[in-house]
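Since the structure comes first, as structure tokens, the remarks are kept for the end.
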Amino acid sequence: QVHLVESGGGLVQAGGSLRLSCAASGFRFSGNFMNWYRQAPGKQREVVAVITDDGGKAYVDPVKGRFTVSIDDAKNTVYLQMDSLNPEDTGVYYCWVRLPLAGKWTNYWGRGTQVTVSS
């Protein structure tokens, strides 16, 4: 059974840092494609960062140079290190995977973790 659990969100001042975690069960992150998403208040959910099935990493322009994705294979956990945070980074952050289970590709989401950046 696939589960994704985000943690590590909180309240931080502008310029500060947070590290989010996404712990997985039921599959291995390694070798799979995953995304970090966020949803700011009043806005649509958007992709923030991507890990490809071969371990490649990509980031959207607003977070390039500030956010870093990494994987701890032993813990089957993906991290999103967020530095130099600004109020525009405020939102609920989610991890997402698409897996070929039950005979078809299926999307899986965590419940999200709140990040609030104050001025």
Side-chain angles (χ1 to χ4, degrees):
Q1 190 171 7
V2 173
H3 291 285
L4 300 169
V5 181
E6 301 96 337
S7 62
L11 175 64
V12 65
Q13 289 263 56
S17 298
L18 288 171
R19 187 178 71 170
L20 307 184
S21 300
C22 178
S25 60
F27 75 102
R28 305 299 300 183
F29 272 128
S30 181
N32 281 298
F33 185 96
M34 74 84 60
N35 293 347
W36 280 99
Y37 283 77
R38 69 184 179 188
Q39 187 166 18
K43 294 187 177 181
Q44 297 294 315
R45 192 173 298 183
E46 64 177 352
V47 173
V48 175
V50 173
I51 299 179
T52 63
D53 56 0
D54 64 353
K57 302 168 185 178
Y59 307 88
V60 295
D61 287 340
V63 308
K64 285 181 180 177
R66 300 189 297 118
F67 289 12
T68 305
V69 177
S70 61
I71 298 177
D72 185 330
D73 288 330
K75 295 181 179 179
N76 200 29
T77 297
V78 173
Y79 300 96
L80 182 66
Q81 178 67 43
M82 306 186 297
D83 299 318
S84 300
L85 286 163
N86 58 62
E88 289 70 35
D89 297 316
T90 292
V92 179
Y93 284 70
Y94 303 87
C95 58
W96 169 96
V97 297
R98 177 174 287 179
L99 300 171
L101 302 178
K104 60 183 178 181
W105 290 94
T106 304
N107 297 323
Y108 297 91
W109 294 88
R111 291 185 175 89
T113 185
Q114 176 71 46
V115 172
T116 303
V117 184
S118 65
S119 300

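Bear in mind the structure is a predicted one, so any value in this text is a computation, not a measurement.
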Practice task
Treating Ile, Leu, Val, Met, Phe, Trp and Tyr as nodes and any side-chain heavy-atom pair under 4.5 angstrom as an edge, say whether Leu4 and Val50 lie in one connected cluster.
Solution key: no
Problem - Spacing of OH belonging to Tyr59 relative to NZ belonging to Lys64, to within rounding of 0.5 Å - result: 11.0 Å
Practice task
Identify the two heavy atoms, one from Gly112 and one from Val92, that lie closest to each other, and give their separation to 0.1 Å.
Solution key: CA-CG1, 3.8 Å
Exercise for the section: Assess the pair Trp109 and Tyr37: is the distance between their ring centroids shorter than 6.0 Å? Expected result: yes
Problem - Spacing of Thr113 atom OG1 and Tyr93 atom OH [to the nearest 0.5 Å] - result: 10.5 Å
Handout entry: Heavy-atom side-chain proximity of Val60 to Glu46 below 4.5 angstrom
Key = no
Handout entry: Backbone of Arg98 reached by a side-chain donor or acceptor of Asn107 within 3.5 Å
Key = no
Exercise for the section: State the CE-CG distance between Met34 and Asp53, to the nearest 0.5 angstrom. Expected result: 13.5 Å
Completion exercise
Only residue of Arg38, Arg45, Arg111 satisfying side-chain contact (heavy atoms from CB on, under 4.5 Å) with Tyr94 is Arg45
Exercise for the section: Report yes if the side chains of Leu101 and Tyr108 come closer than 4.5 Å at any heavy-atom pair, otherwise no. Expected result: yes
Exercise for the section: Classify the angle between the aromatic ring planes of Trp96 and Phe33 as parallel (below 30°), tilted (30 to 60°) or perpendicular (above 60°). Expected result: perpendicular
Problem - Of Thr68, Leu85, Val48, the residue whose pairing with Val63 passes side-chain contact (heavy atoms from CB on, under 4.5 Å) - result: Val48
Problem - Side-chain donor/acceptor of Asp89 to backbone N/O of Asn86, under 3.5 Å - result: yes
Handout entry: Approximate separation, where rounding is to 0.5 Å, of Tyr79 OH and Asp72 CG
Key = 4.5 Å
Handout entry: Arg66 side chain vs Pro62 backbone, donor-acceptor pair below 3.5 Å
Key = yes
Exercise for the section: Examine distances only and state if a side-chain atom of Asn32 and a backbone atom of Arg28 form a donor-acceptor pair shorter than 3.5 Å. Expected result: yes
Practice task
Please tell me if the side chains of Ile71 and Thr77 come closer than 4.5 Å, counting only heavy atoms from C-beta onward.
Solution key: no
Problem - Gap separating the OG1 atom of Thr116 from the CD atom of Gln114, nearest 0.5 angstrom - result: 4.0 Å
Exercise for the section: Report yes if some heavy atom in the side chain of Thr106 is under 4.5 Å from a heavy atom in the side chain of Leu99; otherwise report no. Expected result: no
Handout entry: Nearest-0.5 Å distance that lies between atom CZ in Phe29 and atom CG in Asp73
Key = 10.5 Å
Practice task
Would you check if the side chain of Glu6 reaches a backbone N or O of Cys95 as a donor-acceptor pair within less than 3.5 Å?
Solution key: yes
Problem - side-chain hydrogen bond (donor to acceptor under 3.5 Å, both in side chains) contacts in which one or both residues fall within residues 8-25, not counting sequence neighbours - result: Gln13-Ser118, Ser17-Asp83
Problem - CA sep, side-chain torsions, deciding dist, call: Val115, Leu18, side chain to side chain contact (heavy atoms under 4.5 Å, CB included) - result: CA-CA 9 Å; Val115 172; Leu18 288 171; 3.9 Å; yes
